Structures are given as C-alpha cells and as structure tokens.
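All remarks here apply to the structure that follows.
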There are 2 protein chains.
Amino acid sequence: MQDAPNRPYHHGDLRRAVIETALDMLAEEKGWQFTLREVARRAGVSHAAPYKHFPDKAALLAELAMIGFDRLRETLSATKSEAPKTLHDEIAPISRAYVAFGTDNPALYRLMFSAGEEKAEGVHLNQRALAVFDVALEILRRGQAAGSIRKRPIEGQAAAWWGLIHGMTMLAIDGLLVPEKVGSAPLDAALGTLVEGLANPAT
Amino acid sequence: MQDAPNRPYHHGDLRRAVIETALDMLAEEKGWQFTLREVARRAGVSHAAPYKHFPDKAALLAELAMIGFDRLRETLSATKSEAPKTLHDEIAPISRAYVAFGTDNPALYRLMFSAGEEKAEGVHLNQRALAVFDVALEILRRGQAAGSIRKRPIEGQAAAWWGLIHGMTMLAIDGLLVPEKVGSAPLDAALGTLVEGLANPAT
DNA sequence: ACTCCAATGTAGACAGGAGAAACTTTCGCT
DNA sequence: AGCGAAAGTTTCTCCTGTCTACATTGGAGT
C-alpha cells in the first residue's frame, strides 16, 4: 500500500469507495466475476480492509444488486411518456428504458438476478426487485382504470409485461437476438404483440 | 484415489463420467458454482484428470450448457399439443414444458444462459440456443399459415414468445413470481395475454 | 487539552481451487 | 513382443476468500 506515501492510514469512506470501485469493474467487464482483492487493490487498501465493511463477498454482491435495482427503479420512474395518446405510447417508453438499462449495464443486470441465490439476503433483494415491478404495475393499473387495458386481473397482465421485458433484456445481453433469426427490431415487434394482448378490444 | 483398490488405472469413459457427475451436481445445487476438483473427486479420479478431456473449466461448462439446450429442444419437440382447437391449445403446452424445464433444472438453465460470456464458444452455444427457438418458431409459423396468428413478421412474434417464456422462467427460478404481487397463476395469465397478442383478430 | 477505546487498516497465515509440468501406466497397433 | 500416444497421477505455482493478530487514529468523555 505504498502508492501514495502520504495517504492517511484511514480511508475515511471505504465502504462507499469499495462499492464505487466494484461498480466500475462491473461496468468494464461482461461478467460479474471480479475478485474482492482486486477491488481492494484498486481502492488502494489492503486486501482485508473490505471485510471491515462487508461480512463477505456475497454481502458486497448483494449490496451492488440492491443498488442496481434501485437505479433501475429510479430510471423507470423518471421515464415519463409524453403525449400518451395510445396504450403503446404509454408502455413503450418505460419498456425501452428497462431494456436499455440492461444492455447498458449487462454485468450489473446479470448480477442483480444472480446474487439472490445465496442466503436470506435474497429476501431483501427480492423486495427491491419487486419495487421495480411496482413501477410498471402502477402504470398498467392506471391504464386499466382509464379503460385502455383489458379487465383481467392487472397483476397477471403486469406479470406478462415483466416476463417479456426481463426476457428480452436477458436475450439481448446474451446476444441471442440475432436479426437473421428474430427480425431486425425484435423489441419493437414484441412490444407490438404485448400491447395487442393488453389492449382492451372494446375501445 | 484408493477408494476401490481394484479400479483400473484408466477410467475408460472419463469424459462421459465427468459430464454425468457435473450434471448430477448441477441437479443438486441451486447455483452452478461447483468446483472441477469436486467433480474429479466424485468421479474417483485425480483432480488433473479432467484436463485430459476439457481444456479448462469453461469448456466443461460450455459442454454442459450445450447438453442443456439439446435436452430442452428435445423436450419441446416431444411436446405435442393434442386436439389443438384454439391458438391457446397450440401454444400453452410447449410454453409450460419450457418453463417446467427451467424450474426443474434451475442450475442448469442458469448455466445455459451464463456460459456464453466466455469466448468464441459462445457462438456454438448460441447456435444451440437458437435451435430451441426454432422449435417454437416453426409452431408459430404453422399457426400463421393456418390463419390463427396475425400477419405480422413471424420472427418478431416468435421473439415475443421467447422473450416472455424465457423471462417467466427466469423470474420463476429467482422466486420473484410471488402470488401477492403477481397473482396466483402468473404463467397462465401471461400466456393469456400473449395469445391475445398473437391471435389473428380477423378470425 | 488529554486519554483511552472502538473503529478502521495492515500483515500474514491457511485452506482450497485452477491450471501447467513432468512422470507413469495402459491401450491399441504393428 | 514392443512401442508410441492416450489417459491418469503427483507435484508445483499462483491466486482467492477468509481468519487472526497487530497497528493506527478519530473522537467521546473527562
């Protein structure tokens, strides 16, 4: 730890720094297989220092995943559909924002849905994930109240939205949406089909 | 390696045995984080023996993922919808079979969509994945030819199917389809919405 | 202002995994 | 029989996660 000879013994805000560094590394790589020691190295502290702030690596991963869910939720909440004349106008922007978040942060998005396997932390993690779902659920609920969405249970229809968007995001990250197989604009096509399925035929 | 004192020096079919053992371990655990050495131990060989058959761990993982895709494709191909009177009858069985495959083999299914990040093996892997997609694509194509599916590009509509089913499978594996949030039968609901979106309104 | 403690860092050790190298045993062929 | 290569084994190196013992220092209480 002799990089900056005049760096103080105590970092001051190592917890934050570790998280920042880890997020940076997630942004650089495709997989989330970074090592805790590398994070410590980049943060300029000893390899054991992070253990003063996280009980183990899984805890850091869980923390990162939670941050990811929070950011995604904020992103979706901040996405407002302007001039929502049709149901498609209502749903498409938030859906595109969701998929874009995933393709822009592939390693983080993957981690968000992989860190839950570990322990009881998965419960908290799932709460954050479901908070993301709530954003879409609320929009759809309003759409149904306005009469543009079918009168089926809105939870089930929202589940269809989440499944479709989550699935498309994952497939996109995995490079499986190749134009030869799936057409040139698979997300547009899928959104079109989804909207037809949600739309109230009575109107 | 003194378990069975009269075991021959050469295993005879270690490649197969390693794959079998790894698949067994995949079936036991939720994550796919098994160690190569543990596989070797279970197979009763030294920890270096598997390297005679796989260049590295990633190669074994890729092989397992390919097997997974092949099994899934076979499962779907073997799922025939009996008495397909409606479009729903046509699509629901294969969709349910897909999701069931995922929830029955969560670790394997996860691995299938995680092993591709590594190298150029991802290309072969994606081919196998797309072969799964082809099964559904063909069914939908026939449905469109029969007039029960909208006259939009079938690739895009098939993409919607894959996205939705893959997404629901992943969410189910992650335990995110909690009834309080998403209703008691989210897959049924999502399939209902999907079928409405695919169905040709002219008929 | 001074002291002392708990929080925060560091160094070092340990177990265990991936993978490479060098050696050994056997299989299959001639 | 004999030999080359395939398939296993042992051993070694490097690295990681995590634990323990020790060092430093900011800050609360006097």
Side-chain angles (χ1 to χ4, degrees), chain A residues 1-22 25-26 28-29 31-65 107 111 114-115 117-119 121, chain B residues 1-22 24-26 28-29 31-65 107 111 114-115 117-121:
Chain A
M1 307 294 98
Q2 61 287 42
D3 262 8
N6 42 2
R7 186 175 19 70
Y9 189 86
H10 284 97
H11 182 286
D13 198 11
L14 184 55
R15 179 170 228 274
R16 194 92 49 191
V18 164
I19 291 175
E20 289 302 326
T21 307
M25 294 174 66
L26 279 181
E28 291 169 16
E29 308 178 22
W32 48 274
Q33 307 304 343
F34 63 81
T35 113
L36 204 47
R37 285 169 111 104
E38 173 69 16
V39 174
R41 245 170 268 146
R42 288 222 207 179
V45 294
S46 78
H47 58 91
Y51 283 91
K52 299 291 172 172
H53 301 273
F54 303 93
D56 54 15
K57 188 180 179 180
L60 172 58
L61 293 178
E63 180 85 31
L64 295 172
L111 172 62
S114 303
E117 324 169 21
E118 321 289 330
K119 315 209 162 174
E121 289 140 340
Chain B
M1 307 299 98
Q2 62 285 40
D3 262 8
N6 43 3
R7 187 176 17 70
Y9 188 89
H10 282 97
H11 183 288
D13 199 12
L14 184 55
R15 178 170 229 276
R16 193 91 50 191
V18 163
I19 290 175
E20 290 302 326
T21 307
D24 285 351
M25 295 175 64
L26 238 29
E28 291 170 14
E29 309 180 21
W32 47 274
Q33 306 305 341
F34 62 82
T35 123
L36 202 45
R37 286 166 112 99
E38 173 69 15
V39 173
R41 243 170 269 144
R42 288 221 207 179
V45 295
S46 77
H47 60 86
Y51 285 95
K52 298 291 171 176
H53 301 275
F54 303 94
D56 55 15
K57 188 179 178 180
L60 172 59
L61 293 178
E63 180 85 31
L64 296 172
L111 172 62
S114 305
E117 325 168 19
E118 320 290 328
K119 316 211 161 173
E121 289 141 339

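Per chain, numbering begins at 1; letters A, B, ... match sequence-line order. Because the structure is predicted, anything quoted here is derived from the model rather than measured.
The B:Ser46 side chain lies nearest to D:dG8 when the options are D:dG17, C:dG19, D:dG8. Counting only heavy atoms from C-beta on, B:His53 has its side chain closest to D:dA7 among D:dT16, D:dA7, C:dG9. Among C:dA18, D:dG17, D:dT16, the nucleotide with an atom closest to any side-chain atom of B:Tyr51 is C:dA18. Side-chain proximity of A:Leu14 to D:dG17, D:dT16, C:dG9: nearest is C:dG9.
Contact annotation: B:Thr35 reaches the phosphate of C:dA18 (side-chain N/O to OP1 or OP2, under 4.0 Å). Put simply, B:Arg41 has no side-chain N or O that comes within less than 4.0 Å of OP1 or OP2 on C:dG16.
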Below 3.5 Å between N/O atoms, which protein atoms pair up with nucleotides 12-14 of chain C? Just atom names and distances, please.
none

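Distance, A:Leu36 CG to C:dG9 P: 14 Å, rounded to whole Å. As rounded to whole Å, 12 Å separates atom C1' of C:dG16 from atom NZ of B:Lys57. Going from atom CG of A:Asp13 over to atom C1' of C:dA7 covers 14 Å, rounded to whole Å. One can place CZ of B:Phe54 at 14 Å from P of C:dA18, the figure rounded to the nearest angstrom. One can place CE of A:Met25 at 13 Å from C1' of D:dT16, the figure rounded to the nearest angstrom. Rounded to an integer number of Å, the gap from CG of A:Leu61 to C1' of D:dG17 is 12 Å. In this structure, B:Arg16 atom CZ and D:dA7 atom P are separated by 13 Å, rounded to whole Å.
Nearest-nucleotide positions on DNA chain D place A:Phe34 closer to the 5' end than the other of A:Phe34 and A:Lys52.
Partners of B:Gln33 under the side-chain hydrogen bond (donor to acceptor under 3.5 Å, both in side chains) rule, at least two apart in sequence or in another chain, do not exist in this structure. Legend: residues meeting salt bridge (charged side-chain N to carboxylate O under 4.0 Å, His left out) with A:Arg42, ordered by chain and number and at least two apart, are A:Glu28, A:Glu38.
Taken from CE in B:Met25 to CH2 in B:Trp32, the straight-line distance is 13.5 Å, to the nearest 0.5 Å.
Within 6.0 Å of CZ in A:Arg16 there are 12 or fewer heavy atoms belonging to other residues, nucleotides or ligands.
Taking each heavy atom of B:Ala40 and B:Ser46 in turn, the nearest pair found is CB-O, 3.5 Å. For the residue pair A:Ala43 and A:Thr21, the shortest heavy atom distance occurs at CB-OG1, 4.1 Å.
At least one cation-pi condition fails for A:Lys57 and A:Tyr51: the charged atom is not both under 6.0 angstrom from the six-membered ring centre and inside a 45 degree cone around its axis.
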